[in-house]
Trainee: 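Have a look at this one before I ask anything.
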Amino acid sequence: MSHEDSGYRLGLEPEDIDWSRLERLREHAHALRRVDQHATARTLLREALRLRKDTPLAGLSGQWAARMRHTMEQVYQDVLSEWAELALASGETSEVLDVLDKALMLYPTNEVLHRLVLRTLRSVGRSADALVVYQRLKNRLAEDLGVDPSRETRREFEEILQTTKSNSGPRRPEEERGPTTVHTLDNLDREQKLFRGRESELLLLTSRLRDRPSSSPRVWAISGMAGVGKSSLAMRAAHQVKSDFPHARLTLDLRGSHGRLAPLTPTEAMTELLRLLRIPATHIPESLPEQVALWRAHTRSMRLLLVLDDAASSAQVAPLLPVGAESAVLITSRFQLTEINEVDHLPLGLPSPDESTEIFIVASGRPPRQMEADPLLEEVITRCGRLPLAMRLVATILRLSSPSWSLRSLLDRLSVGRGGLDAFRSGETDLARVFDLALRSVSDEARRAFLYLGLHPTRIMSGPIAAALISSDESAARDALAELVSACLIEEHRPDRFRLHTLLKDHASDIAARELPSDGISASRGRMYEVYLNRSLAADRALHPHRPGRDEVELEHQVPRWDRARAEAWFRGELPNLVTLIGVAQVSDHGSVMADLAHAIAEYLDVHGPWHIAPSLHERACREHRESDPARRSARGHFDLARALLRTGDFKRALHCNRIAREQWRKAGDGLGEAWAIAHRGQIRWRQGRYDLSLELLEQALERFETLTHRPGIVFALHNRGLCHVYTGASHQAVADFSDVARLLEGGGDPHMLANARINLADALNQLGFHREAWSLCESVLNLARKSGDGRREALAWANMGDLSLGRHDPEQAITCARQALVCLDRFHDQWTKTAVLSTLGSAHSMQGKSNKAQEYFQRCLRMRGFAPPNVTFDVHLGLAELEQDQDHPRESIEHLEHALGTATEHGLRKQRAQALYRLGQRHLDLGDGEKWRACLEEAAALYELLMAPEASVVRALLDTSLER
């Protein structure tokens, strides 16, 4: 190690660094592959793979380390796939599977590695295992990335499907000699001709049932909610594999959810199975242990397929399982049956949308093309919750009705009745009764818990919320939740997050309204609201320590301390529920809590959007405050409403609500709250382009905040004052304000505010010509936003980088950045930033000479005039003036320049006014009006000199040259 001016230097040769060795080995292997020396190339790649011992650069932080770590991991995955391809080609399937199995744990979404595993498993005849790998990848991609497998991966899967369908499994010697003469016992239900879908589940079951393990039978338990199609799937799979089981194919209804009869006891079930084997009743012993011994003795050497339908419990099923290695068992149950050993489980979910469409159309008996063309088909299927039983019941109504019945008729029927479930009835099958039978199979405590869950306004909730709804005793509530999950009445689709099927949710709500006592309902909702409020307050305090509008009393309110990760997870997961809860506040007895809840989520909505829903939430809160709350809470509600209205561009109402907030805080004697009202009024005036009024208000607020030594207020006032300086061309003052804000926020636990300060500091630096520093700041904000999942800050960073790219005269990069910004902005309804991005796109296309495209973007921006800040409106008119001039339309060009000049003059944009005057003078010169040219340039020069802008010397030089002439 040596010391140099820039720091310490570690003297290592490339051969001493694993990364350098890996790159050299990979390059050497590529060269060998080009001359067909695949064996040696494979050896070198295997050696390269061994160089990875752990996560690259583990423990190192910073952008360089993160980028380098990402590159190293990507290269390692490429080397891994290259080696696997060569190894697979040479027949080393065992080693390939061993290495790639471990790799998939590290890279669970790498589709190239998954395709290699699928190809290897197919080559060794392990199609069933390949299916499991594919399903795992598909689920992981959906959960982590929200996408489906790529076309190449799906093609690999389809090839496995074709291979499996054309090869039903290895034939036995006796099968090759000719048909068996053994008499087959078969009481399987007849195959359902209307069965559709479930191809991946069928392939999984049939492949595994045909496997020949050496020591134990193959047992699969299919679990799922009532009506999801467990029995139909099991019977379909049984018919597809029954030729592999020539001795016996038996099915037994265990009556776990029978409407009139009790579930079979193990003794009753075993007696029935022995009778199905044609064992005389006189030979069947009475005790269960003796029956089990007789059953196992008779089936030990049989190739038996057994379907145990509608199991009530693990205890009911366990004695019935055969022990012969040649047997296979399918169990269906509304319970998960986790207590049975050595059983593979298939939790059966809803069919896919495409499968649901096929199920419904086939069951309706109507012409497929006619049904598919009806736009109401998707809505009918959605109303059925994609539940197979519900879809078949409704489709049967259509099948049995006259041709005049349409999907509109069905929708009308589905919109009335008890919880909407009256429509799901055909013959003796009634969906509400089916659900009631499922509820009879759980304890009274679990049933009561299920009804209380029906009080939640949505069908998805977190564990703490569900527990609060059920009981004040969290331990008892958790026990009830576990029982409901086991009974497939609710689903724990993510850790500690629970989901009810939409029709079960309707059923629970309906019964709860009829059976639960009113005081119990009120207490349950009260507990739920309290948990939502306390957690939202804790999350708000963790995420927004510098939140505008926290008055003196609110600052003193103690809330649990949360870290940022927990707080972000809470709002991301619960925001839809919170918005819905506030929306139903007027029909509950807890309006005051709902108003507080609206206040708790106000800042998160303001930062992350969507903004268009916020005003209605805060209007409800304000109505509640007017009826019952003291001045301070009314002030908070109106302050939140004013901020929401500002986001939507409703300046008049925003100013009105701001005035009420200030009056209410003054009435409550809250000086801090009043200072916040003044500061926010300054922000409203800035949005209006009234920079003189804005600066005056912000100076007043800043003085009050400094007197109170209130750092969040100081940050807010400085930040907005800096924005006024940016827009009026006072770039040095803007840099000073934003630098002060950044200094106050460093290490303050508010990365969103710090990101805003850096973005706006970049804008000010760009005005002063520090383009590289501005770009670096935007990049840092972009990286931080992506890492934290902050789409709004990402949009702002892209928007600023697009603007910076224009200054660099790089229109292509400007267009790329602006389009990225638009993608991010789609979910926020941020019309303010969108106008700036559209202006950037117009200017970039103008630079490229694409006048029609530029005109289109500029006009789109003008149509959003209510949201366009004055500087954006100025830029648009300036851009349109250039386009008109290029098309030799000087009069139209002057008209746009006069609009730009008027905008700059009205809003005090001094530098923009100088720009407009300079260009307007040039247009007058083109028209031969030297007097107007000189007047415009004289005024422009004076403004540039006042701003100490470098353009002043250029304009003065032009004027001096004209005098010499």
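When reading the values below, keep in mind they use all heavy atoms of this one structure, side chains included, and skip hydrogens, waters and symmetry mates.
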Trainee: What are the two closest non-hydrogen atoms of Ala567 and Ala542, and how far apart are they?
Mentor: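 Minimum heavy-atom separation between Ala567 and Ala542: CB-CB, 3.9 Å.
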Trainee: Mind checking side chain to side chain donor-acceptor pair (under 3.5 Å) for Arg819 and listing every partner two or more places apart, or none if nothing turns up?
Mentor: none
Trainee: Hey, is the main chain of Val726 close enough, under 3.5 Å, to the side chain of Gln767 for a donor-acceptor pair?
Mentor: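 Looks like yes, one N/O pair under 3.5 Å.
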Trainee: Please report, to 0.1 Å, the donor-acceptor pairs under 3.5 Å made by any side chain of residues 800-811, with sequence neighbours excluded.
Mentor:
unit_1: Asn800; atom_1: ND2; unit_2: Ile759; atom_2: O; d: 3.0
unit_1: Ser805; atom_1: OG; unit_2: Met801; atom_2: O; d: 2.8
unit_1: Ser805; atom_1: OG; unit_2: Gln813; atom_2: OE1; d: 3.2
unit_1: Asp810; atom_1: OD1; unit_2: Gln813; atom_2: N; d: 3.2

Trainee: With sequence neighbours left out, write down each residue that passes side-chain contact (heavy atoms from CB on, under 4.5 Å) with Asn720, or none if nothing qualifies.
Mentor: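 Scan of Asn720 (side-chain contact (heavy atoms from CB on, under 4.5 Å), adjacent residues dropped) gives Gln683, Trp686, Leu698, Phe716, Leu723.
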Trainee: Apply side chain to side chain donor-acceptor pair (under 3.5 Å) to His719 and list each qualifying residue two or more places apart in sequence or on a separate chain.
Mentor: Asn760
Trainee: Assign the ring pair Trp676 / His710 to parallel, tilted or perpendicular, where the plane angle (0 to 90°) is split at 30° and 60°.
Mentor: perpendicular
Trainee: With sequence neighbours left out, what residues match His680 under ring pair (Phe, Tyr, Trp, His ring centres under 6.0 Å)?
Mentor: Phe639
Trainee: Side-chain contact test, heavy atoms from C-beta onward, threshold under 4.5 Å: evaluate it for Lys911 versus Glu951 and give yes or no.
Mentor: yes
Trainee: In terms of side-chain geometry, is the basic nitrogen of Asp640 or Arg643 positioned less than 4.0 Å from the acidic oxygen of its partner?
Mentor: no
Trainee: Could you state the interatomic distance from CG (Leu718) to CZ (Phe738), rounded to the nearest 0.5 Å?
Mentor: 10.0 Å
Trainee: Under the side chain to side chain donor-acceptor pair (under 3.5 Å) rule, collect the residues that match up with Arg758, sequence neighbours excluded.
Mentor: Glu746
Trainee: Of the non-hydrogen atoms in Ala734 and Ala764, which two are nearest, and what is the gap between them?
Mentor: CB-CB, 3.9 Å
Trainee: Could you check Ile684, Asp650, Leu641, Leu646 and say which one makes a side-chain contact (heavy atoms from CB on, under 4.5 Å) with Cys657?
Mentor: Leu641
Trainee: Once ring pair (Phe, Tyr, Trp, His ring centres under 6.0 Å) is applied, do any residues pair with Phe571, and if so which ones, sequence neighbours excluded?
Mentor: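 Checked Phe571 against ring pair (Phe, Tyr, Trp, His ring centres under 6.0 Å); matches are Tyr604.
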Trainee: From Cys936 SG over to Arg919 CZ, what is the distance, rounded to the nearest 0.5 angstrom?
Mentor: 13.5 Å
Trainee: Indicate whether the side chain of Gln688 and that of Arg685 have a donor and an acceptor atom separated by less than 3.5 Å.
Mentor: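 There is such a pair between these side chains.
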Trainee: If you measure from CD on Glu773 to OG on Ser776, what distance do you get to the nearest 0.5 Å?
Mentor: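 These two atoms lie 8.0 Å from each other.
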Trainee: Mind checking what makes side chain to side chain donor-acceptor pair (under 3.5 Å) contact with Arg659, not counting sequence neighbours?
Mentor: His656, Glu663
Trainee: Among all residues two or more places apart in sequence or in another chain, which pass the ring pair (Phe, Tyr, Trp, His ring centres under 6.0 Å) test with Trp798?
Mentor: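 Counting only residues at least two positions away or on another chain, Trp798 forms no ring pair (Phe, Tyr, Trp, His ring centres under 6.0 Å).
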Trainee: Sequence neighbours excluded, which residues qualify as ring pair (Phe, Tyr, Trp, His ring centres under 6.0 Å) partners of His924?
Mentor: none
Trainee: Would you say that Leu927 contacts Lys932 through its side chain, given a criterion of any heavy-atom pair below 4.5 Å between the two side chains?
Mentor: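 Not touching, per the 4.5 Å side-chain cut-off.
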Trainee: Distance check, rounded to the nearest 0.5 Å: Leu754 atom CG versus Arg793 atom CZ?
Mentor: 10.5 Å
Trainee: Pairs of donor and acceptor atoms involving the side chains of residues 777-784, under 3.5 Å and at least two apart or interchain, shall be tabulated with distances.
Mentor:
unit_1: Glu779; atom_1: OE2; unit_2: Trp775; atom_2: NE1; d: 3.4
unit_1: Ser780; atom_1: OG; unit_2: Leu777; atom_2: O; d: 2.6
unit_1: Asn783; atom_1: ND2; unit_2: Gln63; atom_2: OE1; d: 3.4
unit_1: Asn783; atom_1: ND2; unit_2: Glu779; atom_2: O; d: 3.3

Trainee: Distance-only check: which donor-acceptor pairs under 3.5 Å involve side-chain atoms of residues 937-948, not counting sequence neighbours?
Mentor:
unit_1: Glu938; atom_1: OE1; unit_2: Arg956; atom_2: NH1; d: 3.1
unit_1: Glu939; atom_1: OE2; unit_2: Arg913; atom_2: NE; d: 3.3
unit_1: Glu939; atom_1: OE2; unit_2: Arg913; atom_2: NH2; d: 2.2
unit_1: Glu945; atom_1: OE2; unit_2: Arg956; atom_2: NE; d: 2.8

Trainee: On a heavy-atom basis, which atom in His845 and which in Ala854 lie closest, and how many Å separate them?
Mentor: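 Where His845 meets Ala854 most closely, the heavy atoms are CB-N, 3.8 Å.
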